[in-house]
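What follows is a single structure, written as structure tokens, with notes after it.
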Amino acid sequence: MSTIEMTAKHKVHIGATVSFTDQDAGRRQTFTIVAPHNAAAAQGRLSAASPVATALLGHSVGDLVGVRTPKGIRPLLIAAIA
């Protein structure tokens with residue numbers, strides 16, 4: 001496996017299943033990032049176009065990212081990527 005492939009596998013990307021903790025709510029969630037037409041949050045499939053997915057894409061385990069919401073920016077800590 002090339003270095004580029006290894007690096008890509010350790011970052012959030014479309015098709016990845018990512019677990020993160022909403023630092024404000026203390027709630028952990030797990031979603032698979034999918035194309036918008038395959039999204040179904042209740043089944044654990046999050047649209048890549050959603051604000052949460054957009055904030056997570058390209059980041060790695062341990063990264064703290066902010067997602068913009070109507071109530072302000074919410075910090076999400078990436079716990080796992082599969």
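Values below: all heavy atoms of this structure, side chains included; hydrogens, waters and symmetry mates excluded. In this text the structure is predicted, and so the values were computed from the model without any measurement.
- Ile73 and Gly66 get closest at one heavy-atom pair: CG2-CA, 3.6 Å.
- Separating the OG1 atom in Thr17 from the CG atom in Leu46 is a distance of 11.0 Å, to the nearest 0.5 Å.
- Closest heavy-atom contact between Ser19 and Thr30: OG-OG1, 2.7 Å.
- One hydrophobic cluster holds both Leu57 and Leu76 under the rule that ILVMFWY side chains link at heavy-atom gaps under 4.5 Å.
- For the residue pair Leu56 and Val12, the shortest heavy atom distance occurs at O-CB, 3.3 Å.
- Under a hydrophobic clustering in which Ile, Leu, Val, Met, Phe, Trp and Tyr are joined whenever their side-chain heavy atoms come within less than 4.5 Å, directly or via other members, Ile81 and Val67 fall into the same cluster.
- Closest non-hydrogen pair, Ile78 versus His59, comes out as CD1-CB, 3.5 Å.
- Nearest heavy atoms, Pro75 versus Asp24: CD-OD2, 3.4 Å.
- Residues Val65 and Leu77 are members of separate hydrophobic clusters, defined by side-chain heavy-atom contacts under 4.5 angstrom among Ile, Leu, Val, Met, Phe, Trp and Tyr.
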Derivation of the side-chain contact (heavy atoms from CB on, under 4.5 Å) call for Phe31 and Val52: CA-CA 10 Å; Phe31 289 102; Val52 170; 5.8 Å; no
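- The two atoms that bring Gly15 and Thr32 nearest to each other are O-CG2, 3.9 Å, heavy atoms only.
- For the atom pair Gln29 CD and Thr21 OG1, the distance stands at 9.0 Å (nearest 0.5 Å).
- Asn38 contributes no side-chain N or O that, together with a main-chain N or O of Ala35, makes up a donor-acceptor pair within less than 3.5 Å.
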